[in-house]
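Let me begin by presenting the structure, written as structure tokens, before commenting on it.
Numbering starts at 1 and runs along the sequence shown.
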Amino acid sequence: MNISGIIFQTLGGLGLFILGMKMMTEGLQAAAGQKIRGILEAISSNRFLGCLTGAGVTAMVQSSSATTVMLIGFVSAGIMSLENAVGVVIGANVGTTITGQMIAFKLTKVALPAIAVGVGLKYFSKERNFRHIGDVVLGFGLLFYGMTVMKQGLAPIKTDPQFISFFTTFSTDSMLGILLCVGMGALLTVMVQSSSATVGLTMTLATSGLLEFPTAMALVLGENIGTTITAQLATIGSKNIEAHQTANAHTVFNVAGVGIILLIFPVFVNTVQTLSLKIGAGPVDLLVDGEYVNAARYIANGHTLFNVINAAIFLIILPRLVQLTIFISPKKKAKKERYQIPEFDARFMDSPIAALARVKGEIIRMADFAHMGLRKTSTCLKVRDDDILGEREAIEDHLDSFQKVIIKYLITISQGEINAPESKEISEMMRITNNIERLGDTMENVSRTLEKIYDQGFQFSDAAIKDLVEISDEVDRFMGFVIREMNEKTEGFYQKALAQEDLIDQMREKMREKHIKRLQVSSCSVDTGVLFVALISYYEKMGDYCYNIATGVNRIL
């Protein structure tokens, strides 16, 4: 018996399976990215709807790890609350069992045709969307071809006494043996970073007769624990507490769920067998041509049943799960840096949906910072405040740094595999970021002009001050309105933004006309008038930038 050949063929088949899963997931995310993002952003506080959403999204992308990484990006960006995210994570675990059910249908005959079609679409199509579909079809084919290769690799050892003896050491006759199987399943999944791959391997071993059904189910329980490592890796080095909490919720949920099932393990195994028989599956020990042909179906059903039971339990006690997660997660620091530059994680690069969600959160934070600076600067229209006026360079430098970090990260995302809507979104996000930075530049000009006015002893008339306060308040309202719409866009937003921009333009023209009249009656000096016109022009320009930001928000967010 060629041991090295068996090992390499089995591992090669597993590698093809993992490659196929990865291609399918990335292709599905790229093809349906905007829809997935829209679905996740629309999640309400209803935990049951969140669970159904998580199951549906995970069934679409064929990876609970991918869904969880997306959720970490959303929670990090402040787009989704922790409790909503945990509800979706619970559903994601149910959705990921679709992969196991699909494998159990034994679609190995379509593997090579799928590879042929997938390669044609991926490498010979000019349309980007067809290339993404090609990834999905090619990944599907590689997944099932990998199953075939693994099965062929394991075939020679099915009757070898030494190998049979080795696999029978994984027995579920005792609690220690069950725990050993669970630990092995978790370790394998940590190593290959895909529970679907290890579930597929477990199905292959059981179909070949190397694993008994109870042993296979114990391994699957462990594989559900091992899959949580992907989310944990996505938070390494992150300072975002909510991101750690989301990943920890995924781990706590799976570990606790496995613990509950272990307490009733024999009952659980019998229940899976009984239900499988009732829905039409043949006997689990039916042997045809040297293979246990129904073993994969039973394992897939057990995988689904475990996650459905787990979801039902933890949806009921979701608030307690969230409390426990917060308790075991890192605690928030009492103080935050005032001028905190965004820190983007390269681990989100495999998920453009999560990466762009993180960028959106930081753009909103940048806009909030600029809005704060605008409000503070405008208070100096009435009364001089040297602390505020002296802070302008620090504020502007911070906005410049914000802009550079965000633009650099967006360029990095654009160099990866993205679809057409994501490419447009990146372009509009750059536009929004640049306009926030320009608003900061103009705010600095207002601060410099006010400092000049106070230093040289110029004084505005009461009418002029009233006009300046009025236009600054209108720009302040416009900026606040745009930021609120960044968080949650409402119907008719763009029309309101257009009307607001027109209003500020009209205010500037009317104020210029009133200024000319004051000059004519000598109630205002020429030097003061020049500075007054400059100030209202700066505020009108900031209104333009707010409108440009609103245009970008309307197109993509």
Side-chain angles (χ1 to χ4, degrees), residues 338-339 366-403 433-480 482-483 500-549:
R338 187 174 184 185
Y339 297 114
M366 181 183 182
D368 279 329
F369 183 83
H371 191 205
M372 176 272 297
L374 172 62
R375 284 181 165 177
K376 290 175 68 174
T377 301
S378 295
T379 62
C380 295
L381 291 169
K382 290 182 178 179
V383 181
R384 177 171 186 161
D385 188 323
D386 287 328
D387 288 338
I388 292 174
L389 295 175
E391 200 178 3
R392 62 173 175 264
E393 289 184 1
I395 291 175
E396 173 54 21
D397 287 345
H398 182 56
L399 289 172
D400 285 346
S401 299
F402 234 121
Q403 177 200 31
T433 304
N434 289 333
N435 276 280
I436 295 172
E437 191 277 330
R438 288 170 190 150
L439 192 146
D441 288 340
T442 309
M443 192 165 60
E444 184 182 21
N445 291 335
V446 170
S447 180
R448 290 186 186 280
T449 302
L450 288 173
E451 190 172 61
K452 181 178 180 180
I453 289 167
Y454 288 121
D455 285 345
Q456 297 187 10
F458 294 125
Q459 288 189 339
F460 291 127
S461 64
D462 290 342
I465 292 175
K466 181 182 177 183
D467 284 347
L468 286 169
V469 171
E470 186 180 341
I471 195 170
S472 70
D473 285 347
E474 205 60 52
V475 173
D476 174 48
R477 279 192 289 271
F478 196 4
M479 185 70 177
V482 171
I483 292 173
Q500 190 80 357
E501 198 266 343
D502 287 341
L503 175 61
I504 293 171
D505 286 349
Q506 292 169 18
M507 289 175 68
R508 181 194 61 178
E509 294 308 313
K510 289 178 181 178
M511 290 174 183
R512 278 180 173 176
E513 291 174 5
K514 288 193 288 182
H515 165 64
I516 292 171
K517 290 179 181 178
R518 288 195 296 270
L519 284 174
Q520 289 172 346
V521 297
S522 300
S523 63
C524 177
S525 70
V526 174
D527 290 339
T528 304
V530 169
L531 295 172
F532 171 81
V533 171
L535 284 173
I536 61 171
S537 295
Y538 289 144
Y539 277 104
E540 187 276 333
K541 183 58 69 177
M542 284 192 276
D544 289 343
Y545 294 139
C546 288
Y547 172 71
N548 291 341
I549 295 167

Could you give the distance from CD1 (Ile504) to CD1 (Ile536), rounded to the nearest 0.5 Å? 12.5 Å
Considering residues at least two apart in sequence or located in another chain, which fulfil the side-chain hydrogen bond (donor to acceptor under 3.5 Å, both in side chains) criterion with Asp455? Arg384
At their closest point, which heavy atom of Met366 faces which heavy atom of Glu437, and how far apart are they? CE-N, 4.0 Å
Could you pull out all residues at least two apart from Tyr545 that satisfy side-chain hydrogen bond (donor to acceptor under 3.5 Å, both in side chains)? none
Please report the interatomic distance CG(Leu374) to CD1(Ile395), rounded to the nearest 0.5 Å. 10.0 Å
Separation between OG1 of Thr377 and CG of Leu450, rounded to the nearest 0.5 Å: 8.0 Å
Give me the atom names and distance for the closest heavy-atom approach of Ala370 to Ile436. CB-CG2, 3.9 Å
Working to the nearest 0.5 angstrom, can you tell me the gap between Thr449 OG1 and Leu535 CG? 5.0 Å
Exercise: identify the closest heavy-atom pair between Met479 and Cys546: SD-SG, 3.7 Å
Kindly compute the distance separating CG (Asp385) from SG (Cys380), expressed to the nearest 0.5 Å. 5.0 Å
Identify the two heavy atoms, one from Ser378 and one from Tyr539, that lie closest to each other, and give their separation to 0.1 Å. OG-OH, 2.8 Å
When every non-hydrogen atom of Phe478 is compared with those of Gly543, the smallest separation belongs to CE2-O, 3.4 Å
Side chains of Asp386 and Tyr454 in contact at under 4.5 Å (non-hydrogen atoms): no
Thinking salt bridges, do Arg448 and Glu444 make one under a 4.0 Å N-O criterion? yes
Spell out, as yes or no, whether a donor-acceptor pair under 3.5 Å connects the side chain of Arg392 to the backbone of Leu389. yes
CZ of Phe402 to CG of Leu399: how many Å apart, nearest 0.5 Å? 8.0 Å
I want to check something: taking the side chain as every heavy atom from C-beta on, are Val446 and Met542 in contact at a cut-off of under 4.5 Å? yes
Please tabulate, one pair per line, all N/O donor-acceptor pairs under 3.5 Å involving side-chain atoms of residues 505-514, not counting sequence neighbours.
unit_1, atom_1, unit_2, atom_2, d
Arg508, NH1, Glu540, OE1, 3.1
Arg512, NH2, Ser537, OG, 3.4
Lys514, NZ, Asp467, OD1, 2.9

For residues Phe369 and His398, determine if any side-chain heavy atom of one lies less than 4.5 Å from a side-chain heavy atom of the other. yes
Is the shortest heavy-atom distance from the side chain of Asp387 to the side chain of Glu391 under 4.5 Å? no
Student check: side-chain heavy atoms of Asp462 and Lys466 closer than 4.5 Å: no
Side chain to side chain contact (heavy atoms under 4.5 Å, CB included), that's the test. Do Glu474 and Gln500 meet it? Break it down for me. CA-CA 8 Å; Glu474 205 60 52; Gln500 190 80 357; 2.8 Å; yes
Between the side chain of Ser447 and the main-chain N/O of Met443, is any donor-acceptor distance below 3.5 Å? no
Does any N or O in the side chain of Ser472 come within less than 3.5 Å of the main-chain N or O of Val469, such that one atom is a donor and the other an acceptor? yes
Which atom names give the shortest non-hydrogen contact between Leu381 and Leu468, and what distance separates them? CD1-O, 3.7 Å
Test side chain to side chain contact (heavy atoms under 4.5 Å, CB included) on Asp441 and Glu396; report intermediate values, then the result. CA-CA 7 Å; Asp441 288 340; Glu396 173 54 21; 2.2 Å; yes
